[in-house]
Visitor: 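Got a structure for you, questions after.
The sequence lines fix the lettering, A, B, ..., with proteins before strands; numbering per chain opens at 1. Side chains included, hydrogens not; waters and symmetry mates left out as well; all remaining heavy atoms used.
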Amino acid sequence: MSVRVRIAPSPTGPFHIGTARTALFNMLFARRHGGTYIVRVEDTDVARSTSAFESDILAGLRWLGLGADEGVQLDGEVGDRGPYRQSQRTARYTEIAAQLHAQGSAYYCFCTPAELEAERTAREAAKLPPRYSNRCRSVDPNDAATRRAAGESAALRFRIPDGPVVIDDLVRGRVEIDAATLGGDLVILRADGSPLYHFTVVVDDVDMGITHVIRGEDHLSNTPKHILIFQALGATLPRFAHLPLILNADRTKMSKRKSQTALADYRAEGFLQEALINFLALLGWSTGSEDEVLPMDELVQRFDLDHVQKAGAVFDRQRLEWLNGQWIRKLAPADLLARLRPFYDDAATDGRIGRPARDEEILALIPLIQERIPLLSSAITLTDFFFTDGAAPDVATLTPKRWDVATTLAALEAARPIIADAIGEGDAVLLHADDPLEGTLRALAETHGWKAGDLFMALRVAATGRTATPPLFDSMRLLGRAAVLARIDAAIARLRG
RNA sequence: GCCCCUGUCGUCUAGAGGCCUAGGACGCCACCCUUUCAAGGUGGAGAUCACGGGUUCGAAUCCCGUCGGGGGUACCA
């Protein structure tokens with residue numbers, strides 16, 4: 001039987017990084033085994049689900065390369081075992097619930113929320129675990145029918161049988177849980193007829209022929225409920241694999257409050273899709289080797305559930321940034337340009353750079369920045385001088401740490417004619433080749449008894465407005481003669497007071 | 001509270017009884033490179049393998065207990 005796995009996000013919030021990781025593991029498992037990867041939207045909680053969140057999730061999956069083989073995609077549904085949105089499956093849930101009721105696996109419960117609350121409070125006061133008393137089990141089915149016909153509101157509860165339930169988990173091995181600890185018979189249909197998660201998830205997994213349920217460890221404790229429902233339905237049990245949780249720095253379950261969890265935020269910061277995939281794959285799983293920088297196809301080849309870690313894994317942002325740098329450095333210039341494009345466009349729009357950036361300009365800058373940016377967004381601050389005139393650094397910034405104002409002024413005045421002589425418009429960068437301008441300026445520094453580094457810093461700040469920039473001489477060449485001289489003149493004027 | 005999972009450097013991890021005086025990576029420190037910032041290179045600090053008992057000629061690896069951490073426990077997903 002071929003492998004069928006699913007990721008079942010709930011559109012009650014922005015696409016969460018933990019959901020991305022679970023999706024990735026499912027995708028890797030499916031690809032590894034030539035199976036099908038399904039995306040199902042769990043929007044039974046109408047009050048909290050929105051289509052905006054759904055779009056964010058589907059767009060995020062697609063961007064990561066984790067779009068569905070079958071199920072819900074950004075532009076519609078594919079597959080013949082749908083619908084794949086729970087909100088469109090209510091008739092099916094009602095039907096299966098009726099079946100469970102007819103076979104005696106479920107019964108109507110007339111307890112009011114207030115009564116249940118009172119029961120819960122009483123048990124809590126008695127220091128007993130919260131648990132439904134199952135008291136409506138004893139309501140005579142005929143009476144129940146009569147009361148419902150009379151309009152009395154009732155939820156449908158699934159009857160939890162006695163005895164142990166065994167989970168044969170692919171990550172954790174055999175886990176046995178006593179059904180008596182499950183909290184009593186569980187509601188599968190609210191009084192208004194709407195279905196609840198523990199019920200829908202099983203109906204869907206059966207209908208969609210899911211063979212392997214790969215999800216977060218937070219679902220492990222609830223898995224017996226699912227197994228019992230599978231069994232009541234007479235369905236074949238899927239295999240289960242519970243992944244370790246992604247943790248905040250304090251080792252609690254990763255949350256919006258304590259960590260950056262929205263995938264869109266990582267994307268907006270300039271993390272590469274490849275880096276995120278690589279990083280997430282290695283959070284809770286390892287190749288068993290010492291290789292770390294791995295593309296998707298390599299991950300697929302090596303993926304196995306045996307090397308999935310059992311303990312939770314702290315999300316280490318520094319490691320992610322390092323990996324991102326690795327991936328940025330691997331990109332071909334044209335590819336990097338394409339990734340950088342939206343960042344320069346946004347910067348032009350919100351004024352962080354003075355004008356829109358042309359492709360040729362970004363391409364010319366790429367050799368200077370590719371080795372030094374950890375994030376795509378870092379390119380902007382590193383190259384804004386190129387697109388923005390009149391950075392106008394103040395006297396304090398213009399003056400190198402070891403120098404005074406008079407020395408800085410003298411140095412800029414002395415260097416100006418040399419630069420005017422060496423730089424034209426539209427010059428190509430020299431990169432690591434020997435730059436004649438550098439030699440001339442070093443000689444100048446020597447005759448004045450200046451440190452070359454101080455001279456270069458003074459020029460750097462005058463020309464770019466920043467103390468940390470790409471290599472100075474190539475930066476000036478790209479800027480062009482007129483712009484560089486104008487900025488040096490402006491700096492000289494400011495230094496003169 | 002009850003149930004379940006879990007415990008190797010700060011972090012991600014390798015490790016499936018002798019290959020471990022525990023390896024790699026991120027981060028940190030130093031040095032090299034160097035016009036700044038990075039990148040890169042080299043080296044270093046950093047883990048009594050949570051702790052205590054066993055089993056064994058031999059345990060990070062097997063067993064038991066303790067402690068720590070996490071998750072679950074809804075007419076949420």
Visitor: Give none if B:rA74 has no partner; otherwise give the nucleotide forming a Watson-Crick or G-U wobble pair with it, both distances under 3.5 Å.
Guide: none
Visitor: With nearest nucleotide decided by heavy atoms, which residue, A:Pro130 or A:Gln318, maps closer to the 5′ end of RNA chain B?
Guide: A:Pro130
Visitor: Has A:His219 got its ring stacked on B:rA77, by the test of a centre gap below 5.5 Å and a plane angle below 30°?
Guide: yes
Visitor: May I ask you to say what A:Phe473 touches in the nucleic acid, namely base, sugar-phosphate or nothing, with a heavy-atom cut-off under 4.0 Å?
Guide: base
Visitor: Round to the nearest Å and state the distance from A:Leu247 atom CG to B:rC12 atom P.
Guide: 8 Å
Visitor: For A:Leu382, which contact category applies under a 4.0 Å heavy-atom criterion: base, sugar-phosphate, or nothing?
Guide: nothing
Visitor: Do the side chain of A:Ser221 and the base of B:rG71 come within less than 3.5 angstrom through a donor-acceptor pair of N or O atoms?
Guide: yes
Visitor: Which part of the nucleic acid, if any, lies within reach of A:Cys111 when heavy atoms closer than 4.0 Å are counted: base, sugar-phosphate only, or nothing?
Guide: base
Visitor: B:rG15 and B:rG7: how far apart are their C1' atoms, nearest whole angstrom?
Guide: 15 Å
Visitor: With rounding to whole Å, what would you report as the distance between B:rC20 and B:rG58 at their C1' atoms?
Guide: 13 Å
Visitor: Which part of the nucleic acid, if any, lies within reach of A:Gly325 when heavy atoms closer than 4.0 Å are counted: base, sugar-phosphate only, or nothing?
Guide: nothing
Visitor: Name the nucleic acid region contacted by A:Asn222, choosing base, sugar-phosphate or nothing; use a 4.0 angstrom heavy-atom cut-off, strictly under.
Guide: base
Visitor: Measure the spacing between CZ of A:Phe386 and OG1 of A:Thr469 and express it to the nearest 0.5 Å.
Guide: 13.5 Å
Visitor: Counting any heavy atom closer than 4.0 Å, what does A:His307 reach on the DNA or RNA strands: base, sugar-phosphate only, or nothing?
Guide: sugar-phosphate
Visitor: B:rG27 and B:rG65: how far apart are their C1' atoms, nearest whole angstrom?
Guide: 37 Å
Visitor: Using a heavy-atom cut-off of 4.0 Å across all strands, would you classify A:Glu321 as base, sugar-phosphate, or nothing?
Guide: nothing
Visitor: Give A:Gln326 one of three labels, base, sugar-phosphate or nothing, depending on what nucleic acid heavy atoms sit under 4.0 Å from its own.
Guide: sugar-phosphate
Visitor: Within 45° of the ring axis of A:Tyr107 and under 6.0 Å from its six-membered ring centre, is that where the NZ or CZ of A:Arg137 lies?
Guide: no
Visitor: Using only modelled atom types and a 3.5 angstrom limit, is any donor from either the side chain of A:Arg460 or the base of B:rU35 paired with an acceptor on the other?
Guide: yes
Visitor: Which value, in whole Å, describes the distance between the C1' atoms of nucleotides B:rC76 and B:rC63?
Guide: 41 Å
Visitor: May I ask you to establish whether A:Arg157 and A:Tyr132 are in a cation-pi arrangement, using a distance under 6.0 Å from NZ or CZ to the six-membered ring centre and at most 45° from the ring axis?
Guide: yes
Visitor: Base, sugar-phosphate, or nothing: which does A:Thr12 touch, judged by heavy atoms less than 4.0 Å apart?
Guide: nothing
Visitor: How is A:Arg157 classified with respect to the nucleic acid when contacts are heavy atoms under 4.0 Å: base, sugar-phosphate, or nothing?
Guide: sugar-phosphate
Visitor: Could you tell me whether A:Ala452 contacts a base, only the sugar-phosphate backbone, or nothing, with contacts defined as non-hydrogen atoms closer than 4.0 Å?
Guide: nothing
Visitor: Could you go through A:Glu95 and A:Arg89, starting from their C-alpha distance and side-chain angles, then the distance that decides it, and tell me whether this counts as salt bridge (Lys or Arg N to Asp or Glu O under 4.0 Å)?
Guide: CA-CA 10 Å; A:Glu95 177 191 348; A:Arg89 299 176 55 77; over 6 Å; no
Visitor: Would a 4.5 Å heavy-atom cut-off, applied to side chains only, mark A:Val5 and A:His212 as touching?
Guide: yes
Visitor: Does A:Arg172 make a side-chain donor-acceptor contact with the base of B:rC4, cut-off 3.5 Å?
Guide: no
